[in-house]
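Quick note on labels: first sequence line is chain A, next is B, and so on, each numbered from 1.
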Amino acid sequence: MLTAAIIAILVTMILALVRAFLGPSEYDRMLAANSFGTKTVLLIALGGHALSWHSYLDVALLYAMVNFVGTIAVMRFFENRKQDGKEGSGGAS
Amino acid sequence: MSLLDHLPILVVITPLMTAPLCVLVDRPRAAWGIALAAAWLSFGAAIVLALTVATSGTLTYQLGGWPPPWGIEYRIDTLASYVLLIVTAMAALVMLFAKESVPREIPEQSIARFYACLMLAFAGLAGIVATGDAFNVFVFLEISSLASYALISMGRDRRALNAAFQYLVMGTIGATFILIGIGFLYMMTGTLNMLDLATRLPDVSDTRTVRAGFAFLTVGIGLKLAMFPLHLWLPNAYAYAPSAVTAFLAATATKVAVYVMLRFMLGVFGADFSLGDMPLDLILMGLGLIGIIMASLIAVFQDDIKRMFAYSSVAQIGYMLLGIGLASATGVGAAILHIFNHALMKGALFLALGAVAYRIGAVTLDQFAGLGKRMPWTMAAIAIGGLSLIGVPPTAGFVSKWYLVLGTLEQGLWPIAVLILIGSLLALVYVWRLIEAAYFGAVAADAPEVCEAPASMLVPIWILVAANIYFGINTDISVGAAMQAATMLMGNGG
Amino acid sequence: MTLVLEWTSAIFLLAGSFLCITGGVGLLRMPDFFSRVHAAGVTETLAAPLLLCGLMLQMEWSLDLVKVLMILLFVLATNPTATQAMAKATLIGGQKPLVTESESTKGDSPSNS
Amino acid sequence: MLIAIAAIRMRDLFGVVILFGVYSLLTAVLFMDLDAVDVAFTEAAVGAGVTTVLLLSSLRLTRRWEAPPRHNPFFSLLVVGVTGAALVYATLDAPLLGDPSAPVHKHVAPHYLQEAAGEVGMPNIVTAVLASYRGYDTFGETLVVFTAGLAVLLLLGFGESGESRIETSAIHDQVVLKVVVKLLIPLILLYALYVQFHGDFGAGGGFQAGVIFATGFILYDMVFGVENARAVMPAAWLPRLAALGVLIYGGVGVYSMLAGKPFLDYSALSADPVHGQHLGVLLVELGVGITVFSIVLSIFYALSGRRRQS
Amino acid sequence: MNEIAGLFNYWVVVFLMMAGFYVVISQGNLVKKLVGLGLFQASVFILYITMGNLSGGRAPIVTEGVFIYSNPLPHVLILTAIVVGVATTAVGLALIVRIHEAYGSVEEDEIHALDMADDDTRLQEGAGQEESSE
């Protein structure tokens, strides 16, 4: 049963990756990266239990934190760019 | 364990511990004082170390108290003490020189941190020379490189930033290649201690992994060494860095890389494997020769004197590689000797250029017109340094060229001896260009009235020039130690 | 007793993974950014706790169990806020949501690029 | 792997940075699978976390779009091909993945595995080797971090030049985010301390703890603005703190030297050697943690403090 | 088949290394060069870790009932190397910010062009009269 869940998570991660590649605007990429991150946290948690890694939960908790900080950094990156006007081709890449 | 036993670690630790102190103190004069004290202290320690090694043979020092293959170990043999002597001597002299030249080129509030970075670069280089553990070489290489990227980027010209970035990219690629090489060696032998590696390598040395490891190490060290095709970062880095930094790096950084090449190629892999089976001797000889000719040619056409001497440094390294490539005791001895002499020459020249830059600001050829009359002492130092570069008899340069030619003739390779002489002639051309402008050129009408460089700068310059001449005449110390180290390296492979 | 545990964790895991996949597919197929945010939100705030609970049921009582609980709480705290913050930042960032599917597609191209 | 290809092809620098974060995250998962717990921990904390944040803050200062490459890629493909061939050539004789007969497992490693528990008395052998057997490497490593911090300070200063710019940014008026972050930061800092002192038993240690501690502050700085962050942790303190960390580490070494043992030999720290090792490792990890924390935070201050001049 | 499976890991590492190396050499943008450098270094770490892995071994943390451990030494080396990698990237980024402020661009070719332009202006000035120190 655990493996079924792991496979499901892997499929979702690939879907998120596809969205990251395609993503018309960079907001989509940000969203895809965030959801990819949370899926990885789940993957580490479930995988760690299934394959009996050692202290895998610390890594999972850490990555949940890092993913959250990363998303905040990305958002901060966007809003600063807004102030000094759009340069380059702006929104859609 | 008396103080004497702690010597190997003291040489490295004193500058390492003063760097944070300089940052804590954060006042320019006090930071300079601490840095100077540390440099001279480790120079003293290096002298005592060299003497003890000369009398009682190789010194070992187990860090953390763990025996070698498990813990990290410092091994100081004749070669290490020889190069350590040069590195610490240059650091001490550059610190003396920096008293005047740094406040002029570095903004006031970052001088204390500049000295901390200089101390870290010096400690990194000393750490590489002293260590006997392969991975420790990589760590200390990284410390000295990071510190030198920061130092180079402090130059006034905006191109110093770009030069520092190029050096960073190339340096990191070189360091990663060395890491790959060490990884392959570790993969096949399971140990990281150099002596242990030397004993365990012969029975795995025919596998492809060790050969590839050997190739990666050569390329990585070659990049750090500014071997001819891989030297692109050196001229910009030395030309745009602050003068005190150029003097220090030119005299020590590439020399330590030559030491690492010797330590790995002859110490770890053993002379018969690296020079015998693998075509290393042909590569080194070929690249060395091309390096000498090409770099000297480019140097002749340079307008900025610092770049000219940077290219001549690449040529001089070509001589060292040529020495190693000869694959004979005299050849390697000549290379080690040239490490010593070249550090003296380049140190004197770049310090003198620093003095000129201190007074006039820019160091281009037209600035040199009539300098002989306006700054007699500095110009005399540059002249003697230039002569030593060419290899005129009374100077140290002549001695190392003499042994190089001796090494080539010993093996009957007279065409190479001819090429060495051509290299010296090219050196004569670009040095003469300088001397002719300085002594016989007319002083430009509205050139600013310039007086001699301050005493605190002239003293280190003239100490180096005196050393240049002294080691030209009385060669038993420099040549004796070099030959002893060479026979030891070539003999039992370290 | 263990059989009940087995079954409940199996159900949790199944539900969690099903939601996960639907969320992932939703992320791909949704036409406009804000509907994608909704789809991603679903997986993060619902599928994750379900899966983690399923995991917790399978583990025996130990320090690890407490850690999984910690992760669950942390994820529950951060994910909704992250999604909300992203949606708000995008709104400020000038992306207009696709108001009504039917009319606007006939008229000009959707406001956002 | 395909992430690497995407990173090459993609011209939008922002996308590259995001993909690089994902790439180092996947590397961390791969390390987990290869039983390298500590390394996965560090790679996730440092690789995915700090590098992405630093790249983003520096990307903010420079241009986001990349000019199309002009010169043809032939030469670089050639060089890459040659090095690639040398690498593959090297791997042909390499011992297979995970086979116990490989020399790596026979020579030095077994000693660590058996004796470490006895001599250093720590279940986590990686921390034991890191801090005491090869303690000097870690000392060098702390100095590398110190040099990097110094270099960034020399180059960028602290960005005090930034006048207190009124930031009408999307983040600052997000009340929900502020409340949640206010709740989370104590938890993050607590977790960092747990990682710091848990190094002996599970995955953890000085570096990871320092980075997590700094991430907590960076989060505070991003959400509540630079001014309040500087009020909490003034920029001038950081280099002194970093210097203090390095001095702690060096101090332990010098102390053991004065006590007549070689440099960094912790058994000199107290009567019974194993207890000395424990104490030494703890102190050393503390020194590392302080240095890494202050350096990462000062780099972030330097990068985030600067206004876009050009 | 075992031969291929055993060495597969190394070939993945080689591919990643070459991808990183290619980016560093061919791409003109400085930020991208740094990312390529990071890619290159990360793959070296994977090489080290795959070396130290033991089939059936557990993580090198002593727990009772487990006897085969994978080799802790590569893990220690990689911990050092990761930190060195991040330190280099941080210094590189600081340099890029300064270069952007000095040159106004981070493209290698544009910087080169600006330098060339500098040289020409200096030549004319130099030729004209004794120019003051720059």
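- Residues passing the side chain to side chain contact (heavy atoms under 4.5 Å, CB included) test with E:Ala42 are D:Tyr23, sequence neighbours excluded.
- By the side chain to side chain contact (heavy atoms under 4.5 Å, CB included) test, D:Leu25 is found to be paired with A:Phe36, A:Thr40, A:Tyr63, residues two or more places apart in sequence or in another chain being considered.
- Checked options D:Val211, D:Val145, D:Thr42, D:Val46; the residue passing with E:Val86 is D:Val46 (criterion: side chain to side chain contact (heavy atoms under 4.5 Å, CB included)).
- For D:Phe20 against E:Leu39, the heavy-atom pair with the smallest separation is CE1-N, 3.8 Å.
- If you tally non-hydrogen atom pairs under 4.5 Å between each of D:Gly149, D:Ala151, D:Ala148 and chain E, the highest count goes to D:Ala148.
- In this structure, the portions of D:Leu55 lying under 4.5 Å from any heavy atom of chain E include both its backbone and its side chain.
- For the atom pair D:Leu156 CG and E:Leu93 CG, the distance stands at 9.5 Å (nearest 0.5 Å).
- Rounding to the nearest 0.5 Å gives a distance of 6.5 Å between CD1 of E:Ile78 and CZ of D:Phe31.
- The residue among E:Val24, E:Val91, E:Leu79, E:Leu30 with the most heavy atom pairs within less than 4.5 Å of chain D is E:Leu79.
- At least one side-chain heavy atom of E:Arg98 sits under 4.5 Å from a side-chain heavy atom of D:Leu155.
- Side-chain atoms of D:Asp137 and E:Val76, non-hydrogen and from C-beta on, never get closer than 4.5 Å to each other.
- The shortest heavy-atom contact between E:Ala90 and D:Val152 is O-CG2, 4.0 Å.
- Of the inter-residue distances, the one linking D:Leu54 atom CG with E:Leu34 atom CG reads 11.0 Å to the nearest 0.5 angstrom.
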